[in-house]
Undergrad: 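Got a structure for you, written out below as structure tokens; questions coming shortly.
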Amino acid sequence: MLQVQFIRDNKEEVIKQLQVRNVAASIIEEVISLDEERRALQAQLDNTLAESNKLSKEIGGYFKSGDVEKANELKAQTGTLKETSKTLSEQLNEKSDALTNLLYKIPNIPHPSVPAGNSEDDNEEVLKEGEVPKLAGDALPHWELAKKYDIIDFDLGAKITGAGFPVYKGKGARLQRALIAYFLDKNTAAGYTEYQVPHLVNEASGYGTGQLPDKEGQMYHIGADDLYLIPTAEVPVTNIFRDEIVSENDLPICITGYTPCFRREAGSYGAHVRGLNRLHQFDKVEIVRVEHPDNSYKALDGMVAHIQGILRELKLPYRILRLCGGDLGFTSALTFDFEVYSTAQERWLEISSVSNFETYQANRLKLRFKDENGKSVLAHTLNGSSLALPRVLAGILENYQTPEGIKIPEVLVPYTGFDMIS
RNA sequence: GGAGAAAUGGCAGAGUGGUCGAAUGCGGCAGUCUUGAAAACUGUUGAGGGUCACACCUCCGGGGGUUCGAAUCCCUCUUUCUCCGCCA
């Protein structure tokens with residue numbers, strides 16, 4: 001969430017910049033007035049407590065010196081102070097909660113380079129690269145290919161669990177494993193440390209990265225234990241740093257991790273969710289960075305370049321989009337989406353999303369570092385997929401299909417142990 | 001799952017219901033000494049709110065309670081450790 005202090009100090013600017021995301025100015029006004037009320041109550045409470053602390057000390061003194069009468073006299077005075085402080089702290093809690101809840105509803109301030117816009121149609125294409133292969137007229141979409149070569153079984157997954165939980169078989173399963181290993185190797189070679197993290201998280205972690213409270217319906221919830229299945233590794237990985245103060249020398253912190261991801265995707269249907277296009281469970285390798293604020297945009301560029309490198313090696317046609325205000329994720333200040341061209345479906349598939357959250361997550365997480373003056377400063381957090389497996393797989397199947405079978409991208413052959421699915 | 005013990009500052013580890021935000025050691029930082037470093041010595045060193053700056057307030061795993069006053073007493077939750085059971 002945004003920092004109240006920042007909103008207070010930059011009110012007009014905040015209002016203006018949030019208009020790109022259609023946030024009403026009245027909400028900001030409300031934050032400011034709630035904060036004022038909160039601080040006024042805090043001051044009153046503090047004074048009341050100070051008074052009663054003082055009295056208690058005096059009473060202690062009298063008891064020590066044996067002046068019980070005087071002590072009891074003072075004791076009588078504490079009653080009303082106690083009442084007052086109780087009422088005040090109740091009011092204060094109410095205000096603080098109201099303020100926090102309101103702040104939870106305000107999205108991150110977009111970076112100045114974020115274009116205005118309402119939907120994905122307004123995203124700005126910043127780069128397009130790679131050759132779209134010319135396929136034979138009878139080129140198949142990946143779900144047909146999956147069936148033809150018996151490498152992914154959607155019906156079987158539906159039988160065991162439900163729609164959106166595919167079963168990978170034989171070379172299909174091996175290709176998945178190869179991709180995970182390849183991605184992790186690329187990331188660790190680029191300086192990211194590999195982590196294995198839990199796939200279920202508690203409520204506090206959900207709040208830490210901003211999935212809660214507003215995206216509650218997107219996560220699977222285990223009621224009996226009050227845990228959530230992770231929708232992305234971002235949640236457990238970023239929460240490693242919840243309530244942490246790291247040393248400035250430790251920055252940047254670069255972590256990569258592979259996890260399955262679980263998303264309810266309620267309300268999704270139709271042709272766009274066919275095959276691997278949208279799943280309830282899928283695999284993803286994620287990169288997460290904790291950065292010094294001065295360096296975070298440079299780091300974002302570095303992450304974009306890193307993912308470009310992977311896509312070039314895979315020889316997949318892709319493009320990079322700068323998300324517009326309307327399509328930008330709630331917690332992000334600037335996001336680049338990567339899309340791979342699906343030749344058989346003749347459409348672009350999102351395979352990565354790389355974002356700088358600036359201090360938005362760090363403020364919720366209380367993730368800070370000590371600067372050179374010994375002051376605690378909120379760090380910047382960034383993350384990106386490198387990469388999401390299903391759509392990369394779809395892209396490979398569709399773009400690498402030949403009459404003889406599906407060729408395996410060269411860089412993956414050492415990982416798969418075969419160069420053709422036929 | 002059953003029985004017991006514990007949770008204190010970056011770490012280790014004291015703490016009697018009343019100047020305890022907390023002894024002491026280690027670590028960190030600054031200084032003295034040194035050509036430099038080490039050692040030694042001196043000082044400093046938790047977080048948040050609040051203020052122009054002070055004052056002041058809150059925090060000793062989380063939440064609640066007793067009390068004029070709680071790190072210290074009570075309840076509850078969580079976590080860790082030991083023993084038993086089960087188990088990849």
Side-chain angles (χ1 to χ4, degrees), chain A residues 1-9 31-103 196-208 212 222-228 236 239-251 253 260 290 359 361-379:
Chain A
M1 60 183 158
L2 298 176
Q3 297 162 84
V4 184
Q5 178 81 50
F6 182 83
I7 294 175
R8 215 194 296 162
D9 296 343
V31 166
I32 288 176
S33 70
L34 272 175
D35 178 54
E36 264 166 26
E37 293 168 43
R38 199 211 87 227
R39 279 183 297 148
L41 282 168
Q42 179 82 62
Q44 282 183 58
L45 176 62
D46 285 358
N47 290 336
T48 313
L49 288 174
E51 222 173 300
S52 90
N53 285 345
K54 213 174 118 198
L55 271 179
S56 291
K57 260 177 201 166
E58 282 179 42
I59 292 170
Y62 285 126
F63 272 125
K64 252 186 189 163
S65 61
D67 196 343
V68 180
E69 203 173 304
K70 193 93 182 166
N72 284 328
E73 203 176 296
L74 285 182
K75 251 201 215 184
Q77 290 180 37
T78 59
T80 54
L81 283 176
K82 237 184 158 182
E83 289 283 311
T84 316
S85 63
K86 203 182 163 191
T87 320
L88 282 172
S89 77
E90 273 165 15
Q91 289 174 348
L92 178 65
N93 283 340
E94 235 169 81
K95 281 287 176 236
S96 301
D97 289 350
L99 180 60
T100 309
N101 287 331
L102 193 58
L103 285 170
Q196 287 195 4
V197 290
H199 300 165
L200 279 79
V201 294
N202 57 30
E203 195 178 46
S205 293
Y207 275 95
L212 296 175
I222 314 283
D225 299 290
D226 202 15
L227 295 172
Y228 295 85
N239 273 282
I240 291 170
F241 302 101
R242 175 151 44 86
D243 293 319
E244 293 292 329
I245 299 177
V246 301
S247 152
E248 190 169 9
N249 301 329
D250 294 338
L251 301 177
I253 298 168
V290 180
T359 59
Q361 284 183 333
N363 190 35
R364 280 199 192 185
L365 291 162
K366 296 208 203 71
L367 162 53
R368 295 151 292 172
F369 67 91
K370 285 269 189 215
D371 72 5
E372 51 199 3
N373 304 317
K375 282 210 64 162
S376 300
V377 181
L378 289 174

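Quick note on labels: first sequence line is chain A, next is B, and so on, each numbered from 1.
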Undergrad: Between G49(B), G18(B), G48(B), which nucleotide gets closest to the side-chain atoms of R368(A)?
TA: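 Closest nucleotide to the R368(A) side chain: G48(B).
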Undergrad: Rounded to whole angstroms, how far apart are NZ on K375(A) and P on G46(B)?
TA: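 Checked: the NZ to P distance equals 15 Å.
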Undergrad: My understanding is that a pair needs two contacts under 3.5 Å, Watson-Crick or G-U wobble. By that rule, which nucleotide pairs with U79(B)?
TA: A6(B)
Undergrad: Assess the residue pair D46(A) and Q42(A) against the criterion (side chain to side chain donor-acceptor pair (under 3.5 Å)); give the C-alpha distance rounded to whole Å, side-chain angles, the decisive distance to 0.1 Å, and a yes or no.
TA: CA-CA 6 Å; D46(A) 285 358; Q42(A) 179 82 62; 3.2 Å; yes
Undergrad: With RNA chain B as reference, determine whether G60(A) or S52(A) sits nearer its 5' end, using the nearest nucleotide of each.
TA: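 Comparing both residues, the 5'-ward one is G60(A).
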Undergrad: With a 3.5 Å limit on both atom pairs, tell me what C29(B) is paired to, counting Watson-Crick and G-U wobble, or say none.
TA: G43(B)
Undergrad: Sort out for me which residue in I7(A), V4(A), L99(A) forms a side-chain contact (heavy atoms from CB on, under 4.5 Å) with I32(A).
TA: I7(A)
Undergrad: Between U79(B) atom C1' and D225(A) atom CG, what is the distance in whole Å?
TA: 15 Å
Undergrad: If you compare every side-chain N and O of S376(A) against the phosphate oxygens of G48(B) (OP1, OP2), does one of them come in below 4.0 Å?
TA: yes
Undergrad: When the P atoms of G17(B) and G9(B) are considered, how many whole Å apart are they?
TA: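 Approximately 22 Å lies between the P atom of G17(B) and that of G9(B).
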Undergrad: Applying the Watson-Crick and G-U wobble criteria at under 3.5 Å, what pairs with A23(B)? Answer none if nothing qualifies.
TA: none
Undergrad: When the C1' atoms of G28(B) and C11(B) are compared, how many Å lie between them, rounded to an integer?
TA: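 Each nucleotide's C1' atom is 11 Å from the other's.
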Undergrad: Would you mind reading off the distance between Q5(A) atom CD and G50(B) atom C1', rounded to a whole angstrom?
TA: 11 Å
Undergrad: When the C1' atoms of U76(B) and G21(B) are considered, how many whole Å apart are they?
TA: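 Between the two C1' atoms, the distance is 26 Å.
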Undergrad: Please report, rounded to the nearest Å, how far the C1' atom of G49(B) is from the CG atom of L99(A).
TA: 13 Å
Undergrad: Find the distance between CG (D226(A)) and CD (E203(A)) and round it off to the nearest 0.5 Å.
TA: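 Reported to 0.5 Å precision, the distance equals 5.5 Å.
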Undergrad: Roughly how far apart, to the nearest Å, are A23(B) and G43(B) at atom P?
TA: 15 Å
Undergrad: So what does T78(A) hit on the nucleic acid, given a heavy-atom distance under 4.0 Å: a base, only sugar-phosphate, or nothing?
TA: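 Sugar-phosphate: the residue T78(A), judged by heavy atoms under 4.0 Å, touches backbone atoms but no base.
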Undergrad: If U34(B) has a Watson-Crick or G-U wobble mate with both distances under 3.5 Å, name it; if not, just say none.
TA: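 When the pairing criteria are applied, nothing turns out to pair with U34(B), so the answer is none.
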Undergrad: To the nearest 0.5 Å, tell me how far N47(A) CG sits from L81(A) CG.
TA: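 Reported value, rounded in 0.5 Å steps: 11.0 Å.
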Undergrad: Any idea which heavy atoms bring M1(A) and R364(A) closest together, and the distance?
TA: N-CG, 3.2 Å
Undergrad: When rounded to the nearest 0.5 angstrom, what is the spacing between CG in N53(A) and OG1 in T48(A)?
TA: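 Result: 10.5 Å between the selected atoms.
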Undergrad: G63(B) and U24(B): how far apart are their P atoms, nearest whole angstrom?
TA: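 Per the computed distance, 29 Å lies between those P atoms.
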Undergrad: For L378(A) and G48(B), give me the distance from atom CG to atom C1', rounded to whole Å.
TA: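 Computing the L378(A):CG to G48(B):C1' distance gives 12 Å.
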Undergrad: Quick one: look up who C86(B) pairs with, Watson-Crick or G-U, both distances under 3.5 Å, and put none if it's unpaired.
TA: none
Undergrad: Counting Watson-Crick and G-U wobble pairs only, both distances under 3.5 Å, name the nucleotide matched with C68(B), or none.
TA: G18(B)
Undergrad: Between C87(B) and A71(B), how far apart are the P atoms? Round to whole Å, please.
TA: 46 Å
Undergrad: To the nearest angstrom, how far is N72(A) atom CG from G69(B) atom P?
TA: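 Value for this atom pair: 14 Å.
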Undergrad: Hey, is the main chain of V31(A) close enough, under 3.5 Å, to the side chain of D35(A) for a donor-acceptor pair?
TA: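 Side chain of D35(A) to backbone of V31(A): no pair is present.
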Undergrad: Rounded to whole angstrom, note down the P distance from C41(B) over to G25(B).
TA: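 About 11 Å, rounded to a whole number of Å.
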Undergrad: Determine the Euclidean distance between corresponding P atoms of A70(B) and C59(B); express it in Å to zero decimal places.
TA: 9 Å
Undergrad: Please name the pair of heavy atoms, one in G208(A) and one in L365(A), separated by the smallest distance, quoted to 0.1 Å.
TA: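 Looking at all heavy atoms of both residues, the shortest contact is O-CG, 3.5 Å.
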Undergrad: Separation of K57(A) atom NZ from G17(B) atom C1', in whole Å?
TA: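 Nearest whole value for this atom pair: 15 Å.
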Undergrad: To the nearest Å, how far apart are I245(A) CD1 and G10(B) P?
TA: 8 Å
Undergrad: Report, as a single string ordered 5' to 3', how protein heavy atoms within less than 4.0 Å touch nucleotides 51-65 of chain B: B base, S sugar-phosphate only, - not at all.
TA: S----SSS-------
Undergrad: Using distance alone, with no hydrogens and no angle criterion, decide if T100(A) and D97(A) have a side-chain donor and acceptor under 3.5 Å apart.
TA: no
